[in-house]
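Please read the structure below before turning to the comments.
Residue numbers start from 1 in every chain, and the chains themselves are labelled A, B, ... in the order their sequence lines are given, proteins ahead of strands.
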Amino acid sequence: MNNLIEIITEVIGKYNYWIAILLMMSGFYTVIVSGNLIKKLLGLGIFQTSVLIFFISLSKIKGGTAPILLDEKAAEAMQPVIYGNPLPHVLMLTAIVVGVATLSMGMALVVRINEAFGSIEEDDIHRVDEAF
Amino acid sequence: MASSSTSSEVFQSVTTGQHDLTLFQQLPVLAIVVPLLFAALITIVHKRNFALIITQTVSFAVFIASLLLFFELQQKPEIIYYLGGWKSPYGISLHLDLLNGFVGLLVGLIAAVSSTFLPQLLQKEIPYSKFPLFCTAFLLCLAGLMGITYTGDAFNIFVFLEITSLSSYALIAMGRDRRALTASYQYLIMGTIGATFILIGIGFLYAMTGSLNIADIHLRLADKLDSNTVKTAFAFITVGIALKAAVFPLHLWLNNAYSFAPSVVSAFIAATSTKVSVYLFFRFFFTLFGYEQSFGNIELGWILIPLSILGIFFGTYKALYVTDVKSLLASSSVAQVGYMTLGIGLATQTSLAGSVVHLFNHGLMKGLLFLSIAGFLIHAKGSLLTQLSGLGKIYPLLGVGMTVGGLSLIGVPLTAGFTGKLLLLQATINQGHYLIVAFILLASVGALFYVWRFLQMIWFGEINEADQQAQQEWLRQDAFSWSGSPLNAFALISLIALIIANIAFGIFTTETVFIADQIAKALIGAPL
């Protein structure tokens, strides 16, 4: 019984990772299953976002503050200072930019595809292509 | 610069130390930054001729830089460049050894050669108004590829990978056929998933080691190799790179992307982007995780060898029946990537050397083949086999290009493709995998057939009437028509240079094999 509670608290305690995994899988699932090109891109966006949560979870520390240099008085008052690791945040800023670029590139492509094929449904496009 | 502990000291050493660096020492970073800057400049100026001249100049400058760096690497084992002067585990560093130098040389060479074909492309494939933007994407792609190759930082690899990918999506989508759009879209989905997988893997590694520098991660991983997190990271990174490198079951994006892209883009991307991804395999498996982890603890060979063989089989098989030459060459690319990953999977010194040699030589031959097709496409209507019928008789030089490239693809002795395959065969025989030996030989016979398919068409096919008219027009108007190709002087020289390179690397093999052997020794022995 104790063991079970331990496992449950362990699972709940790491909820942020579970959220990341859930988002990742649902995004991935959307990319694979959906036949609509826009929906595929949305799935891709969710998939990429899950990585942001994963990285930021890595840098979070309980009771940690922002990594800002304190002036001497404040530093004496709260020794030792615990702060979150800023590096993953910075990495994710880059990843966000990459995500935005990918998404807009994909959207632009979908617009062009719609102009050329008259549809954004994968099945329709395949049908048009075969008649080509 | 002395190593320093406090930030102010570091800052001081940065400000004083930076002036000691000569231009030559800045070369690694210049090879990445210069194309990046000029890409932006082209977008701002937005003039056609300006874009063309800048793109060609920058591509050649990058080529010369990579060449100089490669020669420099013959003398010393490694060149490390600290960006901004920040020391290694804290800052980002560019880490060059013989392997990167070799791959960087290939990227620079192919970029320079492809850039000479850009004016041809202007005539037919790209609308005039979009040409400057096209050049921007081309230079961004080049910057990204050089970045992936030279960087010593794991996260940097992801960033440069995305720069390369995003610009190549744009380049591919500029193809004439509307299917180029769907091909680009498909590549975007697959490529993004691959890059994100690599990012997740890097995240796990960062969680374990707290470092992003590849050499530093390797040191810090030494006592954590059994951890599941490291193994998960390994799995994510392997799958991610396999997607980018088009290893067998993950190769679906490649065929359409290469077939429908503008012809020069096909040449540039086919000859560099999958090769750079295969280079990432080397970097991650051997330098980052280490030989013992990749092939001792995890036994990667059990996955990589069967997949490579399936890739060789399906690539060759598909190349035997497709009707489009570009699609045929793309399928053969899947097979050739199979050879390279086979060399990695066997993980002996000979097989790795074979893999490295094949990586370089395959870049040369695919570049030559796709550029010859780009030459044909100046006058031909499309790249279907029937549309290229008899064109070798009209444009003999391009025909020679296709022939040399084709023979090299089969692996005929005295062409570049022979050396790598021979080393791979040697390695498989040494290890006693006779089934694989038989298979490689069989696949080479398959290659003989698919190369014959297009050679027979261009040399012995009937000349289409439209082509004949185009030829007469061309003979009247083009000052360079005596050369047997509708190319301008610049492109002509680079095509001939590629043909010579394909033969020279088949005849004078001692140098390349020696270099590849050194690379393989370094990969298996003491990493970095």
Side-chain angles (χ1 to χ4, degrees), chain A residues 17 20-21 24 27-28 30-32 34 37-38 40-41 43-59 69 85 87-88 90-92 94-95 97-120 122 125-126 128-129 132, chain B residues 7 90 92 137 140 144 153-156 158-212 229 236 240 256 260:
Chain A
Y17 292 102
I21 292 170
M24 191 180 291
F28 206 29
T30 318
V31 173
I32 294 167
S34 172
L37 298 186
I38 295 278
K40 257 185 197 299
L41 281 180
L44 200 67
I46 295 170
F47 179 61
Q48 285 184 308
T49 312
S50 70
V51 181
L52 310 183
I53 295 180
F54 167 62
F55 263 79
I56 286 170
S57 298
L58 291 180
S59 70
L69 265 183
N85 185 352
L87 188 68
V90 179
L91 298 184
M92 283 312 103
T94 319
V97 175
V98 167
V100 169
T102 312
L103 215 56
S104 45
M105 178 76 214
M107 294 291 182
L109 276 176
V110 172
V111 170
R112 290 280 310 278
I113 288 173
N114 191 33
E115 281 167 10
F117 291 87
S119 170
I120 53 166
E122 228 171 24
I125 292 169
H126 282 303
V128 174
D129 238 350
F132 200 80
Chain B
S7 58
Y90 307 109
I92 294 168
L140 281 177
D153 183 277
F155 189 76
N156 235 2
F158 164 74
V159 175
F160 281 124
L161 201 65
E162 283 293 15
I163 292 177
T164 314
S165 307
L166 283 167
S167 48
S168 45
Y169 306 147
L171 286 173
I172 289 166
M174 286 190 189
R176 275 184 298 178
D177 196 309
R178 62 174 172 178
R179 280 171 291 179
L181 297 169
T182 42
S184 172
Y185 181 86
Q186 203 180 8
Y187 184 19
L188 182 135
I189 298 282
M190 302 277 250
T192 308
I193 290 172
T196 312
F197 266 48
I198 295 174
L199 182 61
I200 296 169
I202 291 170
F204 280 120
L205 285 178
Y206 183 74
M208 281 314 277
T209 60
S211 175
L212 288 170
T229 314
F236 270 112
N256 283 343
F260 298 121

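Note: B:F204 and A:F54 meet the aromatic proximity criterion, with ring centroids under 6.0 Å apart.
Considering every non-hydrogen atom in both A:L58 and B:A207, the closest pair reads CD2-CB, 3.6 Å. For the pair B:I193 and A:F47, the tightest heavy-atom approach, listed with the atom from each and the gap, is CA-CE2, 4.0 Å. Between B:A173 and A:L109 the shortest heavy-atom distance is CB-CD2, 3.5 Å.
Only the side chain of B:F197 has a heavy atom closer than 4.5 Å to any heavy atom of chain A. Both the backbone and the side chain of B:Y185 have a heavy atom closer than 4.5 Å to some heavy atom of chain A. Of the atoms belonging to B:Y169, heavy atoms from both backbone and side chain fall under 4.5 Å from chain A. The contact between A:I113 and chain B is made by backbone and side chain atoms together, counting heavy-atom distances below 4.5 Å. Interface remark: B:A195 contributes no atoms to any contact with chain A (heavy atom separation under 4.5 Å). Heavy atoms of A:F117 lying under 4.5 Å from chain B belong to its backbone as well as its side chain.
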Apply side-chain contact (heavy atoms from CB on, under 4.5 Å) to the pair B:I189 and A:L41, showing each step before the final yes or no. CA-CA 8 Å; B:I189 298 282; A:L41 281 180; 4.3 Å; yes
Verdict with reasoning, B:L199 to A:F55, per side-chain contact (heavy atoms from CB on, under 4.5 Å): CA-CA 10 Å; B:L199 182 61; A:F55 263 79; 3.9 Å; yes
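Chain A forms more heavy-atom pairs under 4.5 Å with one residue of B:V159, B:I200, B:T196, B:T182 than with any other, namely B:T196. Note on A:E115, A:E122, A:R112: by heavy-atom pairs under 4.5 Å with chain B, the leading option is A:R112. Chosen from A:V31, A:V110, A:L87, the residue pairing most often with chain B at heavy-atom distances under 4.5 Å is A:L87.
Taking 4.5 Å as the limit, every side-chain heavy atom of A:T94 sits out of range of all side-chain heavy atoms of B:F158. A:L91 has its side chain within reach of B:L212: a pair of non-hydrogen atoms, C-beta onward, lies under 4.5 Å apart.
With values rounded to the nearest 0.5 angstrom, B:L188 atom CG is found 6.5 Å from A:T102 atom OG1. Within the model, atoms OG of B:S167 and CE of A:M105 stand 9.0 Å from one another, a figure rounded to the nearest 0.5 Å.
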